[in-house]
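To start, the structure under review is shown below, and the notes come after it.
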Protein chains: 2
Amino acid sequence: MPSEPPKPTDAELEILCVLWSRGPSTVRAVHEVIAERKPTQYTTVLKQLQVMADKGIAQRDDAQRSHVYQAARSREWTQRQLAGDLLQRAFEGSAGSLVLGALSAKKTSKRELAEVRRMLDDYEKGLFR
Amino acid sequence: MPSEPPKPTDAELEILCVLWSRGPSTVRAVHEVIAERKPTQYTTVLKQLQVMADKGIAQRDDAQRSHVYQAARSREWTQRQLAGDLLQRAFEGSAGSLVLGALSAKKTSKRELAEVRRMLDDYEKGLFR
DNA sequence: ATCGTACTACGAGGATCGTCGTAATTGCAA
DNA sequence: TTGCAATTACGACGATCCTCGTAGTACGAT
């Protein structure tokens with residue numbers, strides 16, 4: 001049985017976000033996105049991706065000359081893991097507190113509050129299967 | 001103006017939880033709580049606390065023979081900071097996604113869902129001031 | 001075939017983290 | 001006062017993280 005990949009670090013998470021939004025990508029493509037946010041060498045991104053592949057956080061397809069990387073787990077799966085981790089470590093398992101914390105962290109608009117309620121409803125429906 | 005204390009690390013957060021729930025505590029008291037979860041030397045906790053005081057994460061009262069430490073920021077303040085950080089880094093700022101992630105991370109009961117809704121209502125009321 | 005370009009491999013180095021051992025200090029009791 | 005027990009101070013070590021430089025490799029154009 002393959003063991004779960006470890007929790008991504010900050011830099012890894014930033015790269016994962018690129019992979020999730022772009023889909024399978026070459027190192028060059030990832031680097032272009034990262035580099036426009038902060039000055040970063042090409043090889044830094046390359047090394048990061050290699051490490052991520054080692055850890056099982058990313059998967060590499062080296063059929064082509066330029067290797068293609070993709071996230072090993074879906075955005076949703078990873079988000080759930082990270083949220084659960086924080087929930088456990090900082091919120092004593094109280095989902096309500098985490099929700100409250102998230103809402104007050106950014107100043108949530110009425111519009112977004114409604115969106116949250118809708119998600120809540122959907123989630124509850126999902127429980128009855 | 002004093003700058004914001006940095007985000008607590010994992011080990012620091014564990015100690016902060018003890019300080020929050022116990023209030024101002026000696027190193028010995030903190031160590032006793034930590035040690036019953038995982039084997040840890042007394043000086044490890046001591047050093048951690050000293051570093052936390054340096055960083056501004058904890059405050060030290062050295063009036064007594066045994067120094068007394070307390071969290072520099074409230075549990076709520078820190079929770080908000082951590083939730084906001086994760087929101088930014090992993091959820092593209094979508095509070096709804098974070099809520100969803102948190103709920104599905106632990107399997108949230110119907111009872112707790114109701115609690116979350118109540119918190120949501122309270123929070124929304126707070127917006128109109 | 002060779003040369004240049006784009007790519008990968010890999011190790012090094014500085015920073016932080018978490019842990020602990022040891023030395024120095026303090027207060028108290030005999 | 002002297003010695004013991006508890007406490008603090010501090011440095012060091014290994015692990016991980018993040019970054020980058022350099023070397024090696026493969027492909028295509030000439």
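Quantities reported herein were computed from a predicted structural model and do not represent experimental measurements. Below, read A as the first sequence line, B as the second, and so on, with proteins coming before strands; counting in each chain starts at 1.
Across all strands shown, V51(B) has no heavy atoms under 4.0 Å from either base or sugar-phosphate atoms.
Distance alone, capped at 3.5 Å, is enough to place a donor-acceptor pair between the T108(A) side chain and the L103(A) backbone. Between the side chain of E124(A) and the main chain of K110(B), no donor-acceptor pair closer than 3.5 Å is present. No donor-acceptor pair closer than 3.5 Å links the side chain of S25(B) to the backbone N or O of V30(B).
Protein atom CD of Q50(B) is 15 Å distant from nucleotide atom P of dT19(C), rounded to whole Å. Rounded to whole Å, the distance from NZ on K55(A) to P on dC18(D) is 7 Å. Atom CG of D10(B) and atom C1' of dC17(D) are 14 Å apart (whole Å). In this entry the distance linking CG of D62(B) with P of dA6(D) reads 22 Å, nearest Å. L46(A) has its CG atom 16 Å from the P atom of dT22(D), to the nearest Å. Distance Q48(A) CD to dT19(D) P: 7 Å, rounded to the nearest Å. Counting to the nearest Å, the P atom of dC10(C) and the CG atom of L49(A) are 16 Å from each other. Summarising the geometry, the separation between NZ on K47(B) and C1' on dT7(D) is reported as 15 Å, rounded to the nearest angstrom.
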With a cut-off of 3.5 Å and sequence neighbours excluded, list every side-chain donor-acceptor pair involving residues 40-55 of chain A.
residue, atom, partner, partner atom, Å
T40(A), OG1, K38(A), O, 2.9
K55(A), NZ, E12(A), OE2, 2.7

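Contact check, Y42(A) against dT8(C): a side-chain N or O comes under 4.0 Å of OP1 or OP2. An OP1 or OP2 oxygen of dC17(C) is reached within less than 4.0 angstrom by no side-chain nitrogen or oxygen of K7(B). Note on T9(A): a side-chain N or O is less than 4.0 Å away from OP1 or OP2 of dC18(D).
Checked against dC17(D), dT7(D), dA9(C), the side chain of R28(B) finds its nearest nucleotide in dT7(D). Considering only side-chain atoms of H67(B), the nucleotide from dA9(D), dG18(C), dT7(D) that sits closest is dA9(D). The side chain of Q41(B) sits closest to dG21(C) out of dT8(D), dG21(C), dT8(C). When distances are taken from the side chain of T43(B) to each of dT19(C), dG21(C), dT19(D), the shortest belongs to dG21(C). Listed nucleotides dC20(C), dG18(C), dC17(D) differ in distance to T40(B); the shortest reach to its side chain belongs to dC20(C). In this structure, of dT8(D), dC20(C), dA9(D), it is dC20(C) that holds the atom nearest to the side chain of T44(B).
Side-chain contact between T78(A) and W20(A): present, with at least one pair of heavy atoms (C-beta onward) separated by less than 4.5 Å.
Taking only distance into account, the side chain of R65(A) meets the base of dA6(C) through a donor-acceptor pair shorter than 3.5 Å.
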